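Let me begin by presenting the structure, written as structure tokens, before commenting on it.
Source: prediction; values computed, not measured. A note on names: the letters A, B, ... follow the listed sequences, proteins ahead of strands, and every chain is numbered from 1.
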2 protein chains.
Amino acid sequence: MTARSTNTGEGSGAHDPHRDIPEATVARLPVYLRALTSLAERNIASCSSEELATAAGVNSAKLRKDLSYLGSYGTRGVGYDVDYLSYQIAREIGVTHDWPVIIVGIGNLGQALANFSGFSSRGFRTVALLDAAPQMQGQAVAGLEVRPFADLAEIVAAEQVSIGVISVPATAAQDVADAMVGAGISSILNFAPAVLSVPPGVDVRKVDLSIELQILAYHESRKAAESAEAAATVDNGSEEGITA
Amino acid sequence: MTARSTNTGEGSGAHDPHRDIPEATVARLPVYLRALTSLAERNIASCSSEELATAAGVNSAKLRKDLSYLGSYGTRGVGYDVDYLSYQIAREIGVTHDWPVIIVGIGNLGQALANFSGFSSRGFRTVALLDAAPQMQGQAVAGLEVRPFADLAEIVAAEQVSIGVISVPATAAQDVADAMVGAGISSILNFAPAVLSVPPGVDVRKVDLSIELQILAYHESRKAAESAEAAATVDNGSEEGITA
DNA sequence: CGGAGTTTGTGACTGCGAGAACAAACTCGC
DNA sequence: GCGAGTTTGTTCTCGCAGTCACAAACTCCG
Ligand SMILES: NC(=O)c1ccc[n+]([C@@H]2O[C@H](COP(=O)([O-])OP(=O)(O)OC[C@H]3O[C@@H](n4cnc5c(N)ncnc54)[C@H](O)[C@@H]3O)[C@@H](O)[C@H]2O)c1
Ligand SMILES: NC(=O)c1ccc[n+]([C@@H]2O[C@H](COP(=O)([O-])OP(=O)(O)OC[C@H]3O[C@@H](n4cnc5c(N)ncnc54)[C@H](O)[C@@H]3O)[C@@H](O)[C@H]2O)c1
């Protein structure tokens with residue numbers, strides 16, 4: 001996009017664009033990567049933007065624009081090489097090597113996460129499970145021993161962990177986040193329904209099921225209201241030019 | 001949907017604005033609601049937009065703008081009454097009464113969801129758990145008996161369910177979604193890493209942990225690249241007087 | 001070798017959302 | 001009762017993101 005080389009020096013390499021990928025695009029790259037993986041599993045070697053867009057559930061123009069932020073990895077008149085593009089996206093995201101991850105709070109949700117195989121297959125490796133409850137400690141979950149919360153800093157340092165998952169009750173979430181940041185973690189995935197405050201430089205993403213359900217409920221209410229209104233309109237006879 | 005023309009009458013409420021709340025606002029209303037609930041639990045009867053915004057982790061101007069879409073429920077010079085505003089938001093979202101919900105796929109994640117108390121306390125009631133595996137059926141999870149997937153339509157009709165949760169493997173997700181839609185469900189919360197296609201009028205929201213982690217990984221990579229670059233710059237000479 | 005057909009990459013346009021700033025409206029003290 | 005102080009509701013502006021449309025670049029076939 002607009003080779004604005006007016007940037008300070010920095011003549012890094014053949015493709016300069018590596019700067020400033022829009023956040024909305026970053027959020028879609030993993031979706032494209034998954035679609036590509038799925039194509040590769042079906043032994044499809046190349047695909048058009050149209051095909052990939054369909055597989056990813058987006059508009060093809062948006063897909064092409066997104067990919068153009070990474071560089072020109074397609075061939076006009078042909079399409080994209082599945083393996084090549086996969087690698088380029090993985091490299092851009094930074095999942096060409098595995099990221100060590102720790103999970104704090106091995107309750108209902110934490111155990112499900114620990115047992116989830118989808119993480120390891122997508123560039124993440126759970127290196128430790130931590131919990132504050134004495135009765136949890138030493139128990140084996142998903143082949144890992146649950147360790148005391150106090151070991152956090154030690155583990156983070158030893159394993160060079162930069163990503164942490166919080167699945168403790170909301171009341172404990174801020175404390176855990178503080179401890180994580182103190183131990184050197186700089187990216188947090190938070191499942192607790194709490195607003196975390198962290199210093200600049202630390203990224204937090206939250207996953208909140210209640211919110212998702214409430215958003216669905218809102219739209220559901222509106223749908224109900226709409227059909228009720230439509231019925232009322234029919235009742236009323238004319239009113240509103242919707243009359244047949 | 002249907003771009004409605006200037007709706008006439010609609011004398012239901014004192015304020016007419018009930019139309020067209022921006023999607024971004026809808027996504028924040030549940031956050032405000034939770035912050036208000038938290039304030040109410042601490043016996044705080046009223047609050048300013050500034051306080052509420054802090055509790056919800058947003059900008060106060062944005063909060064006021066969001067709330068203004070619902071109507072004028074605050075008092076200038078005073079602030080918002082916590083209970084009153086809570087009720088108004090809950091009413092707008094449509095969670096003044098409980099929504100029946102079913103969960104399909106009672107594996108690792110499905111069991112965690114079934115055991116999760118946070119749903120029931122926020123306007124949702126799990127009325128049935130369904131799974132296709134014979135060995136799951138009849139088992140009790142979270143006080144509910146797991147029922148065969150074939151009972152889906154019957155349950156949806158009997159309990160008037162309009163919201164369904166999918167926590168089956170990705171390969172089965174589309175089939176489950178189709179069955180849900182066929183049974184009359186019109187809102188789906190999907191945990192499977194798959195792109196669902198549904199007819200118009202059906203809402204789908206997805207929760208994808210791998211994507212969240214990959215987004216974090218992207219930013220983490222950039223942070224690493226940045227500090228490496230900074231180090232290189234220091235090597236180069238001036239810039240940042242960290243000259244050791 | 002050249003033209004037809006295909007598909008990418010990108011510029012232009014549009015609409016939404018975030019944030020700052022301010023007028024209107026309310027309370028409180030005197 | 002009135003002015004000072006406070007806080008909401010709204011207006012304005014700016015930037016980001018989505019979509020369209022098309023030129024550039026490639027392949028294939030005659
Ligand atoms: N279970 C779900 O499906 C689900 C869904 C959405 C959100 N959540 C959220 O995820 C979080 C965990 O839910 P859950 O159902 O697993 O709860 P849980 O009570 O089953 O597990 C919480 C675990 O965290 C541990 N813990 C508590 N305080 C701690 C601390 N300070 N340090 C370390 N460990 C601590 C507890 O010992 C316990 O094992 C909650 O915030 C919940 O709201 C859960
Ligand atoms: N476990 C996690 O923490 C986690 C995290 C993120 C995403 N997910 C996703 O959630 C989904 C479920 O994960 P899980 O770990 O619970 O898997 P799981 O294998 O433990 O459970 C899946 C359940 O679905 C049932 N099932 C399979 N096909 C079905 C069908 N057609 N109809 C009805 N039921 C069917 C199975 O019998 C099983 O009980 C997966 O798509 C996974 O990628 C899980």
Side-chain angles (χ1 to χ4, degrees), chain A residues 1-5 14-29 31-32 35-36 39 44-82 84-85 88-89 92 215, chain B residues 1 3 13-29 31-32 35-36 39 44-82 84-85 88-89 92 215:
Chain A
M1 183 244 260
T2 64
R4 68 168 66 95
S5 311
H15 340 73
D16 37 323
H18 285 232
R19 306 284 151 195
D20 278 349
I21 295 185
E23 196 55 32
T25 296
V26 170
R28 282 188 294 266
L29 289 179
V31 181
Y32 303 153
L36 286 165
L39 290 175
I44 297 174
S46 83
C47 65
S48 69
S49 65
E50 199 69 51
E51 292 167 308
L52 186 53
T54 304
V58 301
N59 182 306
S60 72
K62 183 155 44 173
L63 177 130
R64 287 199 301 277
K65 199 172 206 178
D66 284 341
L67 294 184
S68 77
Y69 288 115
L70 317 188
S72 291
Y73 296 131
T75 309
R76 299 177 185 210
V78 178
Y80 300 92
D81 182 274
V82 171
Y84 183 55
L85 184 57
Q88 293 299 341
I89 294 180
E92 191 67 38
I215 295 172
Chain B
M1 311 290 171
H15 326 79
D16 41 322
H18 284 232
R19 307 284 153 192
D20 279 348
I21 294 186
E23 196 54 33
T25 296
V26 171
R28 282 188 294 267
L29 289 179
V31 181
Y32 303 153
L36 285 166
L39 290 176
I44 297 174
S46 82
C47 66
S48 70
S49 65
E50 199 67 51
E51 293 167 309
L52 185 53
T54 305
V58 302
N59 182 307
S60 72
K62 185 158 38 174
L63 177 129
R64 286 199 301 275
K65 201 179 201 177
D66 284 342
L67 294 185
S68 76
Y69 288 115
L70 317 189
S72 292
Y73 297 131
T75 309
R76 298 178 186 207
V78 179
Y80 300 93
D81 180 274
V82 170
Y84 183 54
L85 185 57
Q88 293 300 339
I89 294 180
E92 191 66 40
I215 294 172

Heavy-atom nearest nucleotide on DNA chain C for A:Leu67 versus B:Gly77: which residue maps closer to 5'?
A:Leu67
Side chain to side chain contact (heavy atoms under 4.5 Å, CB included) between A:Leu52 and A:Leu39, worked out:
CA-CA 9 Å; A:Leu52 186 53; A:Leu39 290 175; 4.2 Å; yes
Taking atom CD of B:Glu92 and atom OH of B:Tyr73, what is their separation to the nearest 0.5 Å?
7.0 Å
Which atom pair, heavy atoms only, marks the closest approach of B:Pro22 to B:Tyr69?
CG-CZ, 3.6 Å
Could you tell me which residues satisfy side-chain hydrogen bond (donor to acceptor under 3.5 Å, both in side chains) with A:Ser48, sequence neighbours excluded, listed by chain and number?
A:Glu51
For DNA chain C, what residues of residues 47-54 of chain A have any heavy atom nearer than 4.0 Å?
A:Ser48, A:Ser49
Want to settle it: does A:Gly74 or B:Asp66 sit nearer the 5' end of DNA chain C, counting the closest nucleotide to each?
A:Gly74
Mapping A:Lys62 and A:Thr75 to their closest nucleotides on DNA chain D, which lands nearer the 5' end?
A:Lys62
Could you give the CZ-to-P distance, from B:Arg64 to C:dG17, as a whole number of Å?
19 Å
According to salt bridge (charged side-chain N to carboxylate O under 4.0 Å, His left out), does anything in residues 64-75 of chain B pair up with another residue at least two apart or in another chain? List the pairs.
B:Arg28-B:Asp66
Residue pair A:Ala56 / A:Val31: nearest heavy atoms and the distance that separates them:
O-CG1, 3.6 Å
Roughly how far, to the nearest 0.5 Å, is the CG atom of B:Leu63 from the OG1 atom of B:Thr54?
9.5 Å
Pull out every protein N or O sitting under 3.5 Å from an N or O of nucleotides 12-14 of chain C, one pair per line with the distance.
residue, atom, partner, partner atom, Å
C:dA12, N6, A:Lys65, NZ, 3.0

Nearest-nucleotide 5' precedence on DNA chain D, A:Ala24 against A:Val78
A:Ala24
Protein-nucleotide distance (A:Arg76, atom CZ; C:dG9, atom C1'), rounded to Å
5 Å
Counterpart residues, side chain to side chain contact (heavy atoms under 4.5 Å, CB included), relative to A:Ala55 (two or more places apart)
A:Ala35
Residue that, paired with A:Leu36, satisfies side chain to side chain contact (heavy atoms under 4.5 Å, CB included) out of A:Leu85, A:Ile44, A:Asp81
A:Leu85
Using a heavy-atom cut-off of 4.0 Å to chain B, what are the terminal contacting nucleotides of DNA chain D, in 5' to 3' order?
D:dT6 to D:dC12
Distance below 4.0 Å between A:Tyr80 side-chain N/O and C:dG9 OP1 or OP2:
yes
Quick one: CG on A:Asn59 to OG on A:Ser49, what's the gap to the nearest 0.5 Å?
9.5 Å
Phosphate OP1/OP2 of C:dG17 contacted by B:Asn59 side-chain N/O (<4.0 Å)
no
